[in-house]
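For reference, positions follow the sequence shown, starting with 1. Note that this is a predicted model, so its numbers are computed, not measured.
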Amino acid sequence: MGNPIAVSTKDLSQSAYDHLWMHFTRMSSYENAPVPTIVRGEGTYIYDDKGKKYLDGLAGLFVVQAGHGRQELAEVAAKQAAELAFFPIWSYAHPKAVELAERLAHYAPGDLNKVFFTTGGGEAVETAWKLAKQYHKLNGNHTKYKVISRAVAYHGTPQGALSITGLPALKAPFEPLVPGAHKVPNTNIYRAPIHGDDPEAFGRWCADQIEQEILFEGPETVAAVFLEPVQNAGGCFPPPPGYFQRVREICDQYDVLLVSDEVICAFGRLGTMFACDKFGYVPDIITCAKGMTSGYSPIGAAIVSDRIAEPFYKGDNTFLHGYTFGGHPVSAAVGLANLDIFEREGLNQHVLDNEANFLNTLQKLNDLPIVGDVRGNGFFYGIELVKDKATKESFTDEESERILYGYVSKKLFEYGLYCRADDRGDPVIQLSPPLISDQSTFDEIEGIIRQVLTEAWTKI
């Protein structure tokens with residue numbers, strides 16, 4: 001075992017390549033190139049180890065709702081760590097977990113009053129699937145184990161959550177995965193195979209595909225449907241009018257649980273504490289994480305309706321599932337303080353008041369020949385790139401590699417905007433800035449993207 005070594009700033013990049021296995025990262029790309037190293041954040045900006053400033057157009061990873069550099073959240077974490085740094089919630093409670101659970105239940109719709117804490121979003125999704133399976137077994141429905149989710153949707157990396165994920169390339173290296181996960185079309189009306197000119201009819205068609213899949217698999221075998229309020233992967237697909245109301249009807253008809261996967265969409269991303277409220281439906285379970293603490297400490301949760309929890313509260317029935325750091329005292333304390341900021345500063349209302357301005361600013365990019373569609377909701381938008389606006393022709397794999405990754409992604413960061421350029425589905429730029437962003441933020445984002453996409457068009 002080597003001796004501890006103090007790594008100087010100038011050595012950070014090489015040390016990162018040598019020792020830090022970065023997530024979802026093509027490590028070979030840094031063999032002869034510096035690893036971008038972020039050292040500080042303030043408001044809507046982040047700074048690298050060279051002192052360069054970038055606009056955080058992704059809120060870290062759809063996380064830093066209240067913005068960077070919130071001293072009070074750091075102080076709350078320190079205070080809680082000094083008082084009670086850790087204790088598990090395996091048959092025990094501690095005050096902050098109790099208080100945060102009560103607060104989340106208060107915000108959640110309907111009778112979603114039971115909170116099962118995790119340490120992140122993928123674990124919350126994993127929890128919800130296991131919970132759905134056991135719930136049906138406790139009710140005597142032993143063959144209900146399958147789940148339905150949407151094509152191109154991302155739901156996490158644990159084995160179960162990855163099975164629910166609708167991105168074949170992410171799953172292929174790890175197959176065989178958990179059996180029983182089935183896919184239906186998503187709500188990308190820009191590439192709708194039918195009813196592309198009628199959002200309501202398209203929404204009905206998309207929802208009815210869920211019913212068809214339930215009937216095809218057999219209602220006696222389907223446990224749950226997992227849907228994001230606005231689907232992330234593929235570039236921010238909002239639900240068409242009436243979609244979730246129809247899905248709720250279908251789930252009720254066939255005794256299938258509706259899981260609203262709000263790992264990204266909860267906590268103000270769309271302007272409401274929980275995104276299901278914005279679209280007018282009440283799920284059986286909400287999975288959430290990211291924005292609960294604005295990223296100042298990791299936490300996640302599955303928020304469960306009283307009806308679904310009820311059989312677990314009888315006799316010797318036990319949900320045989322848990323995580324060492326679920327409901328961590330420091331994370332729970334930070335979560336409470338973060339929600340205080342939401343209320344004190346009116347962050348949800350700020351998003352509602354400014355979402356139209358954000359969208360209108362981004363839609364100015366429609367005058368560029370490379371921009372096919374601008375879509376999203378709240379402070380959560382995707383810009384789909386095409387090489388022919390009239391036909392909606394997308395990039396080839398070679399063009400995505402060369403233009404999206406080889407040029408657009410690098411230039412956006414070089415010009416001072418941290419966001420995501422992605423081709424899981426079709427090529428998109430995704431934007432999800434901190435909820436404290438204002439018109440100056442929107443203008444800065446639009447200006448940098450315009451410059452980069454104007455240059456990128458010359459390289460097609």
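Y405 and D423 share a side-chain donor-acceptor pair at under 3.5 Å.
A salt bridge links D340 and R103; the closest N-O separation between the charged side-chain nitrogens and carboxylate oxygens is under 4.0 Å. A salt bridge links E345 and R70; the closest N-O separation between the charged side-chain nitrogens and carboxylate oxygens is under 4.0 Å. Ion pairing of R307 with E310 is absent here, as no side-chain N (NZ or NE/NH1/NH2) approaches a carboxylate O to less than 4.0 Å. In summary, E355 and R269 do not engage in a salt bridge, as defined by a charged side-chain N under 4.0 Å from a carboxylate O. Between E401 and R26 there is a salt bridge, since a side-chain N of the basic residue sits under 4.0 Å from a carboxylate O of the acidic one.
The structure places CD1 of I308 at 11.0 Å from CG of L138, a figure rounded to the nearest 0.5 Å. Put simply, CD on E123 and NZ on K130 are 10.5 Å apart, with the number rounded to the nearest 0.5 Å. Note that CG of L431 and CG of L58 are 7.5 Å apart. Values are rounded to the nearest 0.5 Å. With values rounded to the nearest 0.5 angstrom, D284 atom CG is found 7.5 Å from Y135 atom OH. From L177, atom CG reaches atom CG of L162 across 5.0 Å, with rounding to the nearest 0.5 Å.
Side-chain contact between D261 and L227 is absent, with no heavy atoms from C-beta onward closer than 4.5 Å. Inter-residue side-chain proximity for V330 and K96 is flagged as unmet; no heavy-atom pair is nearer than 4.5 Å. Looking at E220 and K144, their side chains never come closer than 4.5 Å, going by heavy atoms from C-beta outward.
What you find for L100 and A332 is that their closest heavy atoms are CD2-CA, 3.8 Å. The two residues M27 and Y17 come nearest to each other via the heavy atoms O-CE1, 3.3 Å.
The cationic group of K114 lies under 6.0 Å from the six-membered ring centre of Y313 and within 45° of the ring axis, placing it in a cation-pi geometry.
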Show your reasoning for whether salt bridge (Lys or Arg N to Asp or Glu O under 4.0 Å) applies to R375 and E384. CA-CA 8 Å; R375 56 182 177 253; E384 183 168 337; 2.9 Å; yes

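In summary, the aromatic rings of F442 and F379 are positioned with their centroids under 6.0 Å apart.
Under the side-chain contact (heavy atoms from CB on, under 4.5 Å) criterion, D48 pairs with I38, K50, K52, Y54, not counting sequence neighbours. A search for salt bridge (Lys or Arg N to Asp or Glu O under 4.0 Å) contacts involving R424 returns D422, not counting sequence neighbours.
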